[in-house]
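Accompanying notes for the structure given below.
Chain letters run A, B, ... following the sequence lines, proteins first and then strands; every chain starts at 1. The analysis underlying the following values was restricted to heavy atoms, covering all of them including side chains, and did not include hydrogens, waters or symmetry mates. What you see is a predicted model; the values in this text were computed from it and never measured.
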Amino acid sequence: MEKRTIKGRGALEGRASGPAIVFPDSIAGNSGALGDIDGVVYEKGNVNYGISIKDAILVVPCAKGSNGFSAHFKGALIAGVKPAGWISTKIDARLGVAIASMNIPAVVDFSDVDPIKVISTGDWVEINGTTGEVVITKKD
Amino acid sequence: MLKLTEHEKAMLDGKTGKFKQKAMEFNVRYAEVLGAEEFCEVSRATLFIGAQHYLDCYKHSEEYKKIFSEFYLCSDEDIELGEMAPECKVQTCAASCDMWNCDKTHLSNEFSDKNKAYTEAARKMGVKIVESCTPYYVGWIPLMGEHFLSTESSNVVISNSFFGAYGNSDGVEAAVCAAITGRTPKWGMHIKENRYADCLVRVKCDVESVAEWDVLGYTIGRQLPKNVVPVVIGEFKRPEINRMRQFASSISVSSATELCHIVGITPEAQTFAMATGGKPCRHEIEVTESDIAESLSKICDAGSGPVDYISVGCPHLALDELKEISEYIKGRKIKEGTELLVWTDYATKAMADVNGYTKDIENSGAFVLTGSCPIVMREESHKHATGMVMNGVKQAVGIRHQTKVPIYFGDIRLCIDAAVRGKWKEVE
């Protein structure tokens with residue numbers, strides 16, 4: 001299977017792997033957009049509506065919407081449905097709080113490649129939050 | 001590499017107690033995630049705390065000390081709750097229910113009591129109970145260059161864009177830890193160099209009313225490239241604070257904008273060159289009437305239909321708007337079986353009481369409520385509704401994540417008309 005390695009900035013150390021869920025327009029931080037207890041995406045119009053974030057590597061361009069963004073992901077963590085890690089094209093404050101609060105590996109700030117464009121939902125992704133390396137194994 | 005002052009090191013080392021130590025540990029991790037090099041002093045904060053629904057992951061009987069330690073301080077160990085930093089003016093943001101009227105919003109006394117208990121615990125820590133998402137109406141105004149945190153996204157845009165203060169759209173854990181320590185990472189909007197505009201927005205549509213500014217904010221937000229600072233120019237009449245409140249709230253729904261320059265209004269953008277720092281913009285977009293029409297199709301369901309749940313006041317209304325509502329609704333009655341909720345903060349409601357506005361509004365059968373809103377109260381408060389009208393793009397878009405019934409959007413007068421008729425009539 002085709003493999004590719006891309007590199008960003010390691011934002012929170014540690015290794016994580018899992019199937020990627022790509023959110024080209026991010027996930028809204030507004031109340032009800034992410035299930036606080038079941039970790040399911042309920043944002044109307046989101047391409048991943050109805051999918052659970054549990055054990056996945058979430059791939060986003062940035063955060064979006066309410067400043068409650070981090071709190072809904074933290075609720076999901078405490079409820080036992082946390083994602084395995086984060087990849088973001090660029091870090092921002094909403095996402096930074098979510099990463100720091102969940103304390104899970106994250107790679108951000110890609111300068112020569114946009115992870116949104118080279119990772120597809122369902123690809124197997126390994127991230128190294130210490131070195132910033134991301135290894136993508138395409139699903140086909 | 002993150003640099004700490006002696007005071008920050010002392011907090012991190014536990015010399016000022018475990019409460020501040022845990023908050024500082026979070027601050028350091030947050031700073032490292034962002035890539036910040038130092039902290040800045042925070043003098044104002046608003047906190048989205050109390051029995052908020054993001055805490056539904058805990059059992060009803062769970063001790064607040066455990067919840068506060070784990071959720072906000074990110075600590076596995078239960079920490080004795082201490083005090084907020086004395087130099088930081090801290091108050092509550094929107095609440096999970098009206099403090100006195102949970103029965104009018106279909107919430108239980110048990111839930112209200114839990115919220116009161118959590119809020120009282122925060123008050124003992126030095127958090128003032130204000131319960132407003134528009135805190136500038138009652139005195140929370142960071143001045144130009146002042147570093148703040150707010151858990152209300154529209155308040156971040158207002159404070160950055162129209163007061164010239166410095167703040168990021170962080171999140172509740174960061175706001176709580178900043179309020180406890182008086183420190184937040186000096187990063188993003190806290191640094192002047194990052195505040196210059198790099199995306200020109202040409203407004204080519206008519207915009208004048210509060211509702212039009214609301215739809216404009218949403219439309220700009222959905223067209224903006226990611227990770228930019230916009231600067232808006234156009235042939236529009238100089239807007240005032242209520243219009244900017246709606247604009248700030250709706251641009252925050254459809255984008256991650258933290259600062260939006262409007263030339264001539266924004267303190268840092270009295271001229272276009274001031275907004276951009278004299279550099280050319282990397283991006284440019286136009287907003288036309290067809291873009292506005294497309295937005296309206298996403299915000300407001302098509303056609304006419306019966307409605308029984310109408311909410312006005314997202315974000316929380318100003319006193320002058322309560323006056324306007326009282327004058328428009330005086331002598332009219334809302335249709336039986338229909339609810340009209342009018343939201344403000346309790347300090348503003350007290351002024352509305354004194355001025356007779358509350359009496360005139362409530363004589364119609366509507367309720368003037370404080371501190372919360374349907375989105376924050378969540379499904380339990382509105383699951384009985386069969387058709388809704390929302391004043392506020394943020395509410396009209398956000399409530400769609402929580403319900404499948406028809407949602408209509410209109411200005412305050414259209415909302416009142418719909419409540420009186422029990423029906424939404426499509427606007428021509």
| Backbone of Phe71(B) reached by a side-chain donor or acceptor of Lys74(A) within 3.5 Å | yes
| note | When the 4.5 angstrom heavy-atom criterion is applied to Ser255(B) and chain A, the contacting part is backbone
| note | Closest non-hydrogen contact found for Cys74(B) with Ser101(A) is SG-OG, 3.6 Å
| task | Please state whether the side chain, the backbone, both or neither of Ser249(B) comes within less than 4.5 Å of a heavy atom of chain A. | result | neither
| said: Any side-chain to backbone donor/acceptor pair from Arg9(A) onto Val33(B)? Under 3.5 Å, distance only. | reply: yes
| Donor-acceptor contact present, side-chain Lys90(A) to main-chain Lys226(B), <3.5 Å | no
| task | Would you check if the side chain of Arg94(A) reaches a backbone N or O of Asp170(B) as a donor-acceptor pair within less than 3.5 Å? | result | no
| Would Arg378(B) and Asp36(A) pass as an ion pair if we require N to O under 4.0 Å? | yes
| task | Spell out, as yes or no, whether a donor-acceptor pair under 3.5 Å connects the side chain of His401(B) to the backbone of Ser31(A). | result | no
| task | Begin from the C-alpha positions of Val156(B) and Asn67(A) and carry the test side-chain contact (heavy atoms from CB on, under 4.5 Å) through to its verdict. | result | CA-CA 9 Å; Val156(B) 171; Asn67(A) 291 8; 3.5 Å; yes
| query | chain A heavy atoms under 4.5 Å from Glu70(B): which part of the residue, side chain, backbone, both or neither? | reply | both
| field | Contacting region of Asp25(A) [heavy-atom separation from chain B under 4.5 Å] | value | both
| query | What part of Val397(B) lies closer than 4.5 angstrom to a heavy atom of chain A: side chain, backbone, both or neither? | reply | neither
| remark: Pair count under 4.5 Å, heavy atoms only, with chain A: among Asn227(B), Leu55(B), Asp56(B), Leu73(B), highest is Asn227(B)
| task | Can you see which heavy atom on Ser70(A) is nearest to which on Glu173(B), and at what distance? | result | OG-OE1, 2.5 Å
| Can you tell me how far SG of Cys57(B) sits from CG of Leu77(A), rounded to the nearest 0.5 angstrom? | 9.0 Å
| message | Between Val97(A), Asn103(A), Ile37(A), Asp109(A), who has the most heavy-atom pairs with chain B when the cutoff is under 4.5 Å? | response | Val97(A)
| field | Atom group of Thr184(B) that falls short of 4.5 Å from chain A, counting heavy atoms | value | neither
| field | Top contributor to chain B interface from Lys64(A), Glu43(A), Glu13(A) [non-hydrogen pairs under 4.5 Å] | value | Glu43(A)
| field | Proximal component of Gln402(B), with respect to chain A [non-hydrogen, under 4.5 Å] | value | side chain
| field | chain A contact via Ser154(B) - side chain, backbone, both or neither, heavy atoms under 4.5 Å | value | neither
